Number of protein chains: 2
Amino acid sequence: MEQHAATGTGAPSTLWHRTRQLASREILETALRLFTEQGYDETTIAQIAREAGVSQRTLFRYFGTKEDLLGGDQDRFRQVLTDTIGGQPADADVWDVLRAGVAAVLALHDSHEQARERFRLLHSTASLRAGWLEKRLGFQEDLLPLVEPRLDAAAGSTTPRARAVIATAFTCLDVASMTWVADDGAGDIMDLYDACLAAVRG
Amino acid sequence: MEQHAATGTGAPSTLWHRTRQLASREILETALRLFTEQGYDETTIAQIAREAGVSQRTLFRYFGTKEDLLGGDQDRFRQVLTDTIGGQPADADVWDVLRAGVAAVLALHDSHEQARERFRLLHSTASLRAGWLEKRLGFQEDLLPLVEPRLDAAAGSTTPRARAVIATAFTCLDVASMTWVADDGAGDIMDLYDACLAAVRG
DNA sequence: GTCAGATTGGCAGCGACTGCCAAGTAACGA
DNA sequence: TCGTTACTTGGCAGTCGCTGCCAATCTGAC
């Protein structure tokens with residue numbers, strides 16, 4: 001039970017589960033607040049645990065790593081991504097398919113402000129960036145079987161080409177979000193995404 | 001003096017420097033051997049220091065982090081990259097310019113086998129991958145001022161477009177090296193790079 | 001030979017993270 | 001209502017990467 005129960009499918013809603021969810025939210029909010037106030041690296045697990053009113057040991061049971069405190073629900077991200085991309089018409093263009101996936105995960109943020117703060121922390125903290133990039137690699141591999149069949153098999157091995165295409169899409173998302181944060185959240189991220197992709201595929 | 005002196009430019013060649021270089025090589029070789037034998041995560045700094053005959057403290061003075069023990073000389077990488085790209089003709093195509101940079105840094109490995117082993121470790125170890133990706137981001141930012149002037153300023157802000165283009169090149173390098181390792185070092189990495197880029201820019 | 005400056009190793013400590021064990025508490029049956 | 005059971009919690013010690021500090025040692029120059 002490393003993950004906080006997904007809200008939606010027949011929640012058992014016993015007192016236990018409700019308490020767990022409450023504690024989970026409390027920890028998450030405390031963490032985001034402290035990260036925002038004093039920076040990610042400057043905030044220790046001990047401090048988050050103290051202010052959230054739980055022990056370090058318990059905090060690590062809810063969230064396996066410090067990064068998870070900012071990353072949100074990684075499984076949900078993965079699922080939305082694969083569901084969206086897997087649900088695209090079989091004859092759709094690969095780039096349109098990936099674009100739909102990117103748009104879907106962007107819609108996962110609770111609010112404009114939350115998105116901006118997360119992206120801001122992400123792009124300004126080395127350790128977080130590294131962690132995100134590593135998770136990103138995992139997502140890219142998940143997408144591989146969904147994207148490969150959409151490539152022309154006659155043009156040689158599809159695996160490296162699919163990897164390159166997928167990674168490029170994520171790269172454009174990263175550059176877009178970085179630019180978006182630098183512009184203080186003005187404009188639409190997807191427009192920036194399109195601009196980046198156009199620059200690459202020009 | 002965090003960095004082992006570059007061999008080449010008028011080495012002072014005092015006993016000190018020679019001893020330092022020797023110790024440096026000894027540590028580096030011990031580390032690579034242990035990483036190869038038992039894996040990166042399974043090898044502790046204590047073990048490397050013990051087998052290399054130095055204290056942990058000294059090891060950390062030579063190499064600031066565990067990753068540096070595999071990554072080789074990061075400053076050299078950066079310099080070769082920027083020199084090569086900066087030295088390309090002003091009217092050359094951006095993609096050709098970046099291709100030249102990629103080829104130059106690939107030539108930095110001592111041997112085919114060393115390259116393969118490094119890439120193998122890199123692509124099979126999560127912590128190393130994350131570290132590389134983070135360093136990569138740094139290199140990409142270094143390249144920004146060299147690439148931006150080569151883009152059409154009339155088509156809007158060049159910064160995000162340059163970032164996207166540079167990151168795509170590195171992405172193709174990563175996918176190419178991954179594929180190369182999977183193929184057990186058969187073929188030429190640059191061919192794989194070209195194939196990846198073609199898939200993206202198709 | 002001696003002195004200044006650099007290098008080295010040991011030690012204590014920090015922060016993320018884990019395993020283990022005892023104490024506490026919700027849920028369920030008798 | 002009272003256990004009994006199953007799960008959660010917190011504390012403690014320990015690992016590993018990494019850093020600061022200090023004393024011992026060594027090198028090169030005078």
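Protein chains get the first letters and strands the later ones, always in sequence-line order, with residue 1 at the start of each. Every value quoted in this text rests on a predicted model; they were computed, and no experiment measured them.
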So, does B:S55 get its side chain near the phosphate of C:dG9, meaning an N or O under 4.0 Å from OP1 or OP2? yes
Spacing between A:L128 atom CG and C:dA16 atom P, to the nearest angstrom: 12 Å
Considering all heavy atoms, the nearest A:V165-B:A199 contact: CG2-O, 3.9 Å
Return the polar atom pairs (N/O with N/O) between nucleotides 18-21 of chain C and the protein under 3.5 Å, or none.
| unit_1 | atom_1 | unit_2 | atom_2 | d |
| --- | --- | --- | --- | --- |
| C:dG19 | N7 | A:R57 | NE | 3.4 |
| C:dG19 | N7 | A:R57 | NH2 | 2.9 |
| C:dG19 | O6 | A:R57 | NE | 2.6 |

Whole angstrom value for the distance that separates P of D:dG17 from CG of B:L69: 10 Å
If you define the side chain from C-beta out and look only at heavy atoms, does anything of A:T30 sit under 4.5 Å from A:L69? no
Neighbour count >12 (heavy atoms, 6.0 Å) for atom CZ, A:R25: no
May I ask you to check whether B:H109 and B:W180 place their ring centers less than 6.0 Å from one another? no
Can you name the one residue among A:R150, A:R163, A:E148 that meets side-chain hydrogen bond (donor to acceptor under 3.5 Å, both in side chains) with A:T158? A:E148
A:A176: what forms a side-chain contact (heavy atoms from CB on, under 4.5 Å) with it, not counting sequence neighbours? A:I189, A:L192, A:Y193
Distance in angstrom units between A:K66 NZ and C:dG15 P, rounded: 9 Å
C:dC17 P sits how many Å from A:F63 CZ, rounded? 13 Å
Would you say A:S55 and A:T58 are linked by a side-chain donor-acceptor pair, where the criterion is simply a distance under 3.5 Å? yes
Numerically ordered, the residues 35-52 of chain B set in heavy-atom contact under 4.0 Å with DNA chain D is B:T43, B:T44, B:I45
Between A:Y62 and D:dT8, does any side-chain N or O lie under 4.0 Å from OP1 or OP2? no
From CG of A:L34 across to P of C:dA16 the rounded distance in Å is 12 Å
Would you call the rings of B:F77 and B:W132 parallel, tilted or perpendicular, where under 30° means parallel and over 60° means perpendicular? perpendicular
